[in-house]
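Shown next, in structure tokens, is the structure this report addresses.
Counting starts at 1 for both ligands and their atoms, in listed order. Numbering starts at 1 and runs along the sequence shown. Keep in mind that what you see is a predicted model, and the values were worked out from it rather than measured. These numbers come from the heavy atoms of this one structure, side chains and all, not from hydrogens, waters or symmetry mates.
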Amino acid sequence: MLLAEFSPIAAIATTSTAAKKLQSLSEISTIWLPDSLTSVTEAQFYTGSLKTHLASLWNTHRAFVFCLATGAVVRLIAPLLQHKSSDPAVVVIDEAGKFVISLCSGHQGGADKLAQLIAHLIGATPVLTGAASGLGLPAVDIIGVPFGWQRGEGNWTEVSSAIANNQPVQVIQSAGSILWQQGVIKDQGSENESSEFWIPNSNSLSITPKAKIYITPSLSPLASRLSPPQVHWHPRVLWVGIGCERRTSQQLIETAIEQVCQEHQLAESAIAGIATIDIKADEVGLLQVCRNRNLPLKTFTSDILRSIDVPNPSAIVAAEVGTPSVAEAAALSAANVSSLVVNKQIFRAEGQPGAVTIAIAQAEQEYTGRTGQLLLVGTGPGQLNQITPAAQVAISGADAVIGYSLYINLIAPLLQPNQIVEALPITQERQRAQRAIELARWGLTVAVVSSGDSGIYGMAGLVLEELQAQGWDGKTPSVQLFAGITALQAAAARVGTPLMHDFCAISLSDLLTPWEVIEKRLKAAAEADFVTALYNPRSQTRKQQLASAISIFLKYRNPNTPVAIVRSAYREDEQITLTTLDKLLDTSVDMLTTVLIGNQSTRTHGDWMITPRGYLGFGGDSQERLEASSS
Ligand code: SAH
């Protein structure tokens, strides 16, 4: 579901005009109205004061959308606010529906994002007043969210304000994805995948940082935490390998993890998950630890563990479970690396049953803990206002946007400062599909954009084919398609109603389809009198196909058959030519053009192309006209 990250959302209004404004949000939220407005459908009703009612909703909702005066909202929420790290997102829409204000919990609660998404949905302007949003700066308290990083210790307010005030802030990143850096250090060139850099950009070594951002699985020593103000993001890269005796208590395992982390200055929130041997998959204490900490448990067979080189193999363990190492080998396997951050340590505690062995390895890539989504989005022929609101929300809300550079440029206004944007050249469709799947499998919400409709000679097909080839289960990552206005519809809309009767689309590109197949379809379409849209009619290297197509049509259709040649529909360089089948080749046709060939009843009227709805009735007998016009 779109906006799932904000669910549940409560939308609140107190007048019937305001209630109507909220109707379009009924699919994504529960609409609450006073019981004096029960005539409105698709809503819930509260009795008594809104203040009391709001208090009852406050802790169970992640977002609130008010269609109410801002002043009233401020008074209502003031007594309920606690801290920006826990408060729900609060968004206000004005009664006229012109503005969507991100009022509270802009970053961490996601109100900025929610305001933008709702603004797209209802065609309003989002109002964001957070310092970072205005300047296109990274919002330090949300940069790690797409990757599942955990916020660690730090003075978030001071570091954010240093960034907002353009003071030199040093970033020290020793783990986790560097994709977020794209928007921050784009001026420094792509080879600069640095682990240390400055915001704003600077190469100078002599600056004194006014704030620091650490992205690391480690904790800083206490002494260095004082000055300058700093924050810690912890990517979940640590895999904790655990071996334990039967019935080892949850508490002992917890204590062991805490102690090892403390001793090695590792953040517990940087733990990706727990790894062990498969025969421990039902070990109660281990399962409790995983549930408590919301960690995945990865298990490996003794065969796999035995094949891993470890620093401290044990003959006793080998005799017992068939592998000389459980903790070390499992940590290395889970992290998919060859050396450990912490070699194995054994813990026992007086009065507690069992013993536990712990080792830690650090993975190259963090575990996001998120389920990825692929949003296959059609962006229509060109202009922004030709994209459906649902597709706009999908693009703006995605963690990453992937597409052919021309289309990425066309949708640039929808992109967000913290989004990962990967524009690839037109030739690399398959790579684009694979990249999108890779990011989604990792846990990101990825929008793959295609012009027109994504499922019509677009990227959606490639993504689904590729998923199938990879043995996809049909569910994870989840896939959603967002229909777009395809070229034939856009072209038709510019010239009238050429598609009023049965029509078909044929692509003249023989890169992926043998020409014999295309020829067969052209012949069938021409013979059966389909109005025909030709996609990919001509490229710089493919020039013959269009002429062949025309000669096929001329065998079955009158030379005077109206033809529309529409180039770059709804883009700045749009060109429209109405002509006839026999003169088609006089007009230049290229890869940005769609050719619409009328059926035997299609006619022109002024600058319009009209295909009658029926073959009988108004307009007379078509056979008669065909004969009349060809004589
Ligand atoms: N998925 C796209 C089609 C991609 S194939 C869609 O549904 O529209 C590319 C072909 O689409 C181009 O060669 C051209 O024939 C047609 N096309 C795409 N955008 C167009 C536009 N704005 N105006 C005219 N034709 C267009």
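- For atom 2 (C) of ligand 1, the closest heavy atom belonging to the protein is Ser451 O, 3.3 Å.
- Salt-bridge check for Glu95 with Lys21: failed, with every basic side-chain N at 4.0 Å or more from each acidic carboxylate O.
- Of all protein heavy atoms, the one lying nearest to atom 1 (N) of ligand 1 is Ile456 O, 2.7 Å.
- In this structure, the ring of Trp442 has its center no less than 6.0 angstrom from the ring center of Tyr367.
- Annotation: Pro537 places no N or O atom under 3.5 Å from an N or O atom of ligand 1; distance criterion only.
- Closest to atom 24 (C) of ligand 1, if we only count protein heavy atoms, is Leu592 O, 3.2 Å.
- Between Trp180 and Phe197, the ring planes lie tilted relative to each other; the angle falls in the 30° to 60° range.
- Any N or O atom pair closer than 3.5 Å counts here, and Gly458 shares no such pair with ligand 1.
- What sits closest to atom 15 (O) of ligand 1 on the protein, heavy atoms only, is Thr593 O, 2.6 Å.
- Residue Thr486 approaches ligand 1 through these ligand atoms, each under 4.0 Å from one of its heavy atoms: 6 (C), 7 (O), 8 (O).
- Ion pairing of Arg435 with Glu438 is present here, as a side-chain N (NZ or NE/NH1/NH2) and a carboxylate O approach within less than 4.0 Å.
- Take Tyr535 and apply the ring pair (Phe, Tyr, Trp, His ring centres under 6.0 Å) test, not counting sequence neighbours, and it matches Tyr457.
- For ligand 1, the polar-atom distance check finds an N/O of Thr594 within less than 3.5 Å of one of the ligand's N/O atoms.
- Not one N or O on the side chain of Ser568 forms a donor-acceptor pair closer than 3.5 Å with the backbone of Arg571.
- By the 3.5 Å distance cut-off applied to N or O atoms, Ile485 is not counted among the residues near ligand 1.
- Among all protein heavy atoms, the one lying closest to atom 8 (O) of ligand 1 is Ala487 N, 2.8 Å.
- Side-chain rings of His501 and Tyr615 approach one another, their centers coming within less than 6.0 Å.
- Shortest contact from atom 9 (C) of ligand 1 to any protein heavy atom: Asn536 OD1, 3.3 Å.
- For atom 4 (C) of ligand 1, the closest heavy atom belonging to the protein is Tyr457 O, 3.5 Å.
- With Thr579 as the partner, the side-chain contact (heavy atoms from CB on, under 4.5 Å) test is satisfied by one option alone out of Ile565, Leu585, Val595: Ile565.
- In this structure, Glu422 contributes its side chain and Ile420 its backbone to no donor-acceptor pair below 3.5 Å.
- Residue contacts with ligand 1: Ser454 is placed with no nitrogen or oxygen under 3.5 Å of a nitrogen or oxygen of the ligand (distance criterion only).
- Put simply, part of Tyr535 is less than 4.0 Å from ligand 1, judged by heavy atoms.
- Looking from atom 23 (N) of ligand 1 to the surrounding protein, the closest heavy atom is Ala569 N, 2.8 Å.
- In summary, the atoms of ligand 1 found under 4.0 Å from a heavy atom of Arg571, numbered by their order in the structure, are 19 (N), 22 (N).
- Residue contacts with ligand 1 do not include Ala490, since none of its heavy atoms lies under 4.0 Å from the ligand.
- A donor and an acceptor atom, one from each side chain of Trp515 and Gln545, are nowhere located under 3.5 Å apart.
- Aromatic ring orientation, Tyr404 versus Tyr407: perpendicular (interplanar angle above 60°, classes split at 30° and 60°).
- Counting heavy atoms closer than 4.0 Å to ligand 1, residue Val566 contributes backbone atoms (N, CA, C, O) but none from C-beta onward.
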